[in-house]
Amino acid sequence: MTPVLIDCDPGIDDTLALLYLAGLHHVGGIELVGVTTTAGNTTAVQAAGNARWVLDELLVDAPVLPGRPHPAQTPLVTTPETHGPTGLGYLDVPAADAAGDWAELWARGVDKHPDLHLIVTGPLTNLAAFRDSHPEHYARLRRVTVMGGAVNYRGNTTPTAEWNFWVDPHAAADVFAHPPQGKITLCSLEVTERFLIDPERLEELIRALGPHPVAAHLPEILRFYFEFHEAQGEGYQAQIHDLLTCMIALRTIPYVDTSTTIAVEAHSELMRGTSVADLRGHWHRSHNARLVTDADIDAAHRELLRVARALAGRPGIR
Ligand code: BDR
Ligand code: CA
């Protein structure tokens, strides 16, 4: 079984990513060894409360710990207008009261599972902090997949920057300047924004989940995200970046990637969080990433329904 640690900021698309990972955990595809949270869509403690709520609904008892409360070099900005006042759309659950050393959880994961998959679907604050606090463990990370960046592409936060990289540009710049052992698989906006759920797709998902209690909460969570995207001129639907990222990380759908060098701008005000791939080798720097350039979106929709049906049929539903 593939050991997986996810560092996320739920967040509505992070929540669907957790639902998917919980489903895979139950059907035996992965072992979810832990969830840690970054500050981004909401605060790290609220994100941990949200993640705990999702995992409890899904009857997964993996540890959930809040990570660093804010970026090291910039003030924290959260986005209640995108993900709702506390990150779960119109649903409100308590912030986490559990405390614990998230970096120790990562280090234990690396020690116990040399093939640990780390998936980061929030700002890279914790990943950069882990490099400082546990350099040897950081260097041993072999499978890291990140959702972030709008690579050589328009942004969703500024004309050139994507949200996760914009929130903590120094962390993103640092991680790509000093990558761990394995190249980082980067799922950036130009691919992840293609994975869209609309009310019809949501209905399909709810039907696939059948009697599972989590199904009843999805409309109040997703409705907020649909409304946000509509207000942005994207239509009454939602881009589910973080779930697609998990499928790519675990190779449960076909995708295409290319080995390249990524750099992130941290110092300029206008270009904060902008990410660039040196696709033609102008920089003469060693490659630090596998940039995902395409993914089979139809397969992603089928894969989500497959796991939802498996959740519907599993024993232990309250
Ligand atoms: C990313 O930003 C957040 O709003 C989403 O959860 C996703 O991780 C997309 O830019
Ligand atoms: Ca996220």
Side-chain angles (χ1 to χ4, degrees), residues 5-21 35-44 46-51 54 64 66-68 71 76-89 91 118-127 144-151 153-169 171-172 175 184-197 221-222 224-229 231-232 234 237-249 262 264 272-275 291-292 295 300:
L5 191 57
I6 180 167
D7 185 47
C8 55
D9 60 341
I12 296 172
D13 55 333
D14 304 80
T15 296
L16 289 180
L18 288 172
L19 181 143
Y20 176 67
L21 294 180
V35 177
T36 57
T37 58
T38 42
N41 289 331
T42 184
T43 62
Q46 183 63 56
N50 296 347
V54 181
V64 176
R68 296 287 298 260
L76 174 64
V77 183
T78 60
T79 184
E81 67 281 6
T82 309
H83 293 269
T86 57
L88 288 184
L91 186 70
L118 174 66
I119 306 174
V120 182
T121 62
L124 274 61
T125 310
N126 294 337
L127 187 53
V144 180
T145 305
V146 167
M147 189 285 130
V151 179
Y153 189 69
R154 60 150 175 76
N156 62 359
T157 304
T158 71
T160 56
E162 177 278 337
W163 173 256
N164 288 339
F165 281 13
W166 183 87
V167 169
D168 195 342
V175 164
I184 294 166
T185 299
L186 184 61
C187 302
S188 51
L189 189 67
E190 59 275 24
V191 174
T192 62
E193 71 177 10
R194 297 184 210 155
F195 187 34
L196 295 163
I197 288 191
I221 298 175
L222 265 297
F224 197 99
Y225 218 21
F226 293 158
E227 290 171 358
F228 165 76
H229 283 82
Q232 298 295 305
E234 313 268 5
Q237 54 187 350
Q239 300 164 351
I240 311 295
H241 314 275
D242 298 344
L243 171 55
L244 188 74
T245 298
C246 290
M247 292 176 180
I248 289 169
I262 301 280
V264 181
R272 166 179 171 164
T274 299
S275 46
L291 176 66
V292 176

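Side-chain atoms are counted along with the backbone in the values below, which use heavy atoms only and exclude waters and symmetry mates. We count ligands from 1, going down the list as the structure has it; atoms in each ligand are counted the same way.
In this structure, His229 and Tyr225 have perpendicular ring planes: the angle between them is above 60°, well past the 30° mark.
Side-chain contact, Thr38 with Asn126: no donor N or O sits under 3.5 Å from an acceptor N or O. Asp14 and Thr121 are linked by a side-chain donor-acceptor pair at a separation below 3.5 angstrom, with hydrogens and angles left out of the test.
Residues of the protein with a heavy atom under 4.0 Å from ligand 1 are Asp13, Asp14, Asn41, His83, Thr121, Met147, Asn156, Glu162, Trp163, Asn164, His241, Asp242, listed by chain and number.
Taking distances strictly below 3.0 Å, the protein N/O/S atoms close to the Ca ion (ligand 2) are Asp9 OD1, Asp14 OD1, Asp14 OD2, Thr121 O, Asp242 OD2.
Each of Asp168, Ile184, Val264, Val146 was compared with Leu124 under the side-chain contact (heavy atoms from CB on, under 4.5 Å) criterion, and only Val146 meets it.
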Assess the residue pair Ile197 and Leu16 against the criterion (side chain to side chain contact (heavy atoms under 4.5 Å, CB included)); give the C-alpha distance rounded to whole Å, side-chain angles, the decisive distance to 0.1 Å, and a yes or no. CA-CA 11 Å; Ile197 288 191; Leu16 289 180; 4.1 Å; yes
From CA spacing to verdict: side chain to side chain donor-acceptor pair (under 3.5 Å), Asn41, His83: CA-CA 7 Å; Asn41 289 331; His83 293 269; 3.3 Å; yes
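Annotation for Arg68: atom CZ does not count as buried by contact number, only 12 or fewer foreign heavy atoms lying within 6.0 Å.
A donor-acceptor pair is defined here as one N or O able to donate and one able to accept, closer than 3.5 Å; such a pair exists between the side chain of Thr15 and the backbone of Gly11.
With respect to the salt-bridge test (charged N to carboxylate O, under 4.0 angstrom), the residues Arg154 and Glu193 qualify.
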